[in-house]
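Below is one structure; the comments refer to it alone.
Below, read A as the first sequence line, B as the second, and so on, with proteins coming before strands; counting in each chain starts at 1. All values reported here derive from a predicted model rather than from experimental measurement.
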There are 2 protein chains.
Amino acid sequence: MFTLSEENYLKAIYHLELVANSGISTNAIANQLETKASSVSDMIKKLSDKEVVIYKKYKGVTLTNLGKKVAANIVRKHRLWEVFLVEKLNFSWDEVHDVAEQLEHIKSPKLINQLDALLGFPTQDPHGDPIPDKEGNINVIEKSLLSTLNKNESAVCVGVNDSSSDFLQFLDKKGITLGKKIVVLEKEEFDNSLLIKIGTEQLSISNKIANNLYVQRK
Amino acid sequence: MFTLSEENYLKAIYHLELVANSGISTNAIANQLETKASSVSDMIKKLSDKEVVIYKKYKGVTLTNLGKKVAANIVRKHRLWEVFLVEKLNFSWDEVHDVAEQLEHIKSPKLINQLDALLGFPTQDPHGDPIPDKEGNINVIEKSLLSTLNKNESAVCVGVNDSSSDFLQFLDKKGITLGKKIVVLEKEEFDNSLLIKIGTEQLSISNKIANNLYVQRK
DNA sequence: ATTAATTTTTAGACTTGCCTAAATATATTT
DNA sequence: AAATATATTTAGGCAAGTCTAAAAATTAAT
Ligand SMILES: [Mn+2]
Ligand SMILES: [Mn+2]
Ligand SMILES: [Mn+2]
Ligand SMILES: [Mn+2]
């Protein structure tokens, strides 16, 4: 069994491993968890003793298969709870993360299985992120950043890169929600901003925004 | 804001105050929480500093109005989650307590308000215990122990005194559920056992059982 | 009213998880 | 290849929460 803190470390390493390919550095973890490198060094030793990470001093850390499974299960719980909050309790997608951070640590296999069933076995959370299955496998769907589209290409919104409340509320304000179709009308060379059509609206989108919105090419 | 441990102490004192009238003793709290008296002494000082209990050395402890409100809110959350687990996730009434012990500490007013609404604003939990409202008020319903009934009296099951898994499973096995009507056919002087009619069945009930089942006289 | 038993508090220690500051190892420049 | 900069670990300390053992207060018994 793992403590709340251990679970948060495992989850952080899991998320970092999805984008990095080499071992995860102490600093990277400290940064992700908003803690200090020395605290990370301490915790890594405990995780190594519990055989959820492989650790060579100064060489960074890697999840073992067990570690991956434990971490994926926490992510699974986090995302299922997010779906629950949106689908059953009328939360909006920018309100769910902090509550899910708490709920993901509740220990009860039956609870999470029944929740999964209640929600109809969803495969994605409200931000378009995949929900790992019980074994920790995720169904990777092909997606691209909106910023990689060229003029006249069209696509469907499928996810966000930045799940901050600010960004999500911005998208709400602009009427950009998952599932909506986007067409790139213009691409400005100077600042890489885009003129897009979304629904019946035309919108100017800065490069910063386009770099945080995932789409699926059509 | 209160830590998980502080919340558990407040809840324990709250439950003890419902049956005791004098100040709650250190030992009583230690016993309730399965901890040591010395740990309780330590914690009581912290709770006193936070003005949720009134404490005079060696004289036991009493919840302040703030303390009562905080404690009632934890009980409210515990019982709402129990209803959720039974009503929405198909848990049986003997499986919910341990999970609710975890869920009661989740901090999100919106979560609990929306959960309340999803469940249709229930007033009782699966064990027949009252759910405090947002201000911490509980609606005390009149109820008696089955053991206090006399021959030929009839009543309806409304709650349990012992919520242990063992007792609840025993009730399930005997087909005794909340809402069922009971008629006392015989009362044995020798051992205070009862012969009851419940539904179409006749059952012999020991005094120990009758002392742990609440009914409402009809 | 003493003495004995029980309850409660205090003293000191331990674990977890975190921190700062210092030491050491690795990486980058010159 | 040295020197410098950066990253990581170690050393020592702190707060929360718990424990055992000892001291002090309260309660019960003689
Ligand atoms: Mn999230
Ligand atoms: Mn999410
Ligand atoms: Mn309960
Ligand atoms: Mn209950």
Within the structure, does a side-chain N or O atom of [X] lie under 4.0 Å from either OP1 or OP2 of [N]?
{"X": "N27(B)", "N": "dT6(C)", "result": "no"}
{"X": "Y55(B)", "N": "dT9(C)", "result": "yes"}
{"X": "S25(A)", "N": "dA7(D)", "result": "no"}

Would you classify K45(A) as touching base, sugar-phosphate or nothing, given that sugar-phosphate means primed atoms plus P, OP1 and OP2, and contacts are heavy atoms under 4.0 Å?
sugar-phosphate
Under 3.5 Å, N/O pairs linking protein and nucleotides 15-18 of chain D:
{"unit_1": "dG17(D)", "atom_1": "OP1", "unit_2": "T3(B)", "atom_2": "OG1", "d": "2.7"}
{"unit_1": "dG17(D)", "atom_1": "OP2", "unit_2": "K46(B)", "atom_2": "NZ", "d": "3.4"}
{"unit_1": "dT18(D)", "atom_1": "OP1", "unit_2": "S5(B)", "atom_2": "OG", "d": "3.3"}
{"unit_1": "dT18(D)", "atom_1": "OP2", "unit_2": "S5(B)", "atom_2": "OG", "d": "3.4"}
{"unit_1": "dT18(D)", "atom_1": "OP2", "unit_2": "Y9(B)", "atom_2": "OH", "d": "3.4"}

Would you mind reading off the bend of the helix from dA1(C)-dT30(D) to dT30(C)-dA1(D) from its two end axes, five pairs each, to 10 degrees?
10°
Got more than 12 heavy atoms from elsewhere within 6.0 Å of CG, N150(A)?
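Check passes, neighbour count above 12.
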Mind checking what makes salt bridge (Lys or Arg N to Asp or Glu O under 4.0 Å) contact with [X], not counting sequence neighbours?
{"X": "K46(B)", "result": "none"}
{"X": "K174(B)", "result": "none"}
{"X": "E6(B)", "result": "K50(B)"}

side-chain hydrogen bond (donor to acceptor under 3.5 Å, both in side chains) contacts in which one or both residues fall within residues 32-44 of chain A, not counting sequence neighbours:
none
Suppose the criterion is side-chain hydrogen bond (donor to acceptor under 3.5 Å, both in side chains): which pairs have a residue in residues 53-73 of chain A, not counting sequence neighbours?
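As it turns out, there is no side-chain hydrogen bond (donor to acceptor under 3.5 Å, both in side chains) pair with a partner in residues 53-73 of chain A once direct neighbours are skipped.
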Under the side chain to side chain contact (heavy atoms under 4.5 Å, CB included) rule, what do Y214(A) and L145(A) come out as? Steps first, then yes or no, please.
CA-CA 4 Å; Y214(A) 284 114; L145(A) 287 175; 3.4 Å; yes
Is there any protein nitrogen or oxygen under 3.5 Å from a nitrogen or oxygen in nucleotides 22-26 of chain C, and what are the pairs?
{"unit_1": "dA25(C)", "atom_1": "O4'", "unit_2": "Y58(A)", "atom_2": "OH", "d": "3.4"}

Between [atom2] of [N] and [atom1] of [X], the distance in whole Å:
{"X": "I24(B)", "N": "dT8(C)", "atom1": "CD1", "atom2": "P", "result": "11 Å"}
{"X": "K56(A)", "N": "dA7(D)", "atom1": "NZ", "atom2": "C1'", "result": "18 Å"}
{"X": "I29(A)", "N": "dT9(D)", "atom1": "CD1", "atom2": "C1'", "result": "14 Å"}

Considering residues at least two apart in sequence or located in another chain, which fulfil the ring-ring contact (aromatic ring centres under 6.0 Å, His included) criterion with F84(B)?
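Expected list: F84(A), W81(B).
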Partner set under ring-ring contact (aromatic ring centres under 6.0 Å, His included) for H105(A), not counting sequence neighbours
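If we apply the ring-ring contact (aromatic ring centres under 6.0 Å, His included) test to H105(A), skipping adjacent residues, there are no hits.
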Under 3.5 Å, which donor-acceptor pairs link side chains of residues 87-94 of chain B to any protein atom two or more places apart or in another chain?
{"unit_1": "S92(B)", "atom_1": "OG", "unit_2": "D94(B)", "atom_2": "OD1", "d": "2.7"}
{"unit_1": "S92(B)", "atom_1": "OG", "unit_2": "E95(B)", "atom_2": "OE1", "d": "3.3"}
{"unit_1": "W93(B)", "atom_1": "NE1", "unit_2": "D172(B)", "atom_2": "OD1", "d": "3.2"}
{"unit_1": "W93(B)", "atom_1": "NE1", "unit_2": "D172(B)", "atom_2": "OD2", "d": "3.3"}
{"unit_1": "D94(B)", "atom_1": "OD2", "unit_2": "S165(B)", "atom_2": "OG", "d": "3.4"}
{"unit_1": "D94(B)", "atom_1": "OD2", "unit_2": "Q169(B)", "atom_2": "NE2", "d": "2.7"}

Can you give each donor-acceptor pair under 3.5 Å made by side-chain atoms of residues 11-26 of chain A, sequence neighbours left out, with the distance rounded to 0.1 Å?
{"unit_1": "K11(A)", "atom_1": "NZ", "unit_2": "E101(A)", "atom_2": "OE1", "d": "3.2"}
{"unit_1": "K11(A)", "atom_1": "NZ", "unit_2": "E101(A)", "atom_2": "OE2", "d": "2.9"}
{"unit_1": "K11(A)", "atom_1": "NZ", "unit_2": "E104(A)", "atom_2": "OE1", "d": "3.3"}
{"unit_1": "K11(A)", "atom_1": "NZ", "unit_2": "E104(A)", "atom_2": "OE2", "d": "2.9"}
{"unit_1": "E17(A)", "atom_1": "OE2", "unit_2": "L63(A)", "atom_2": "N", "d": "2.8"}
{"unit_1": "S25(A)", "atom_1": "OG", "unit_2": "A28(A)", "atom_2": "N", "d": "3.0"}

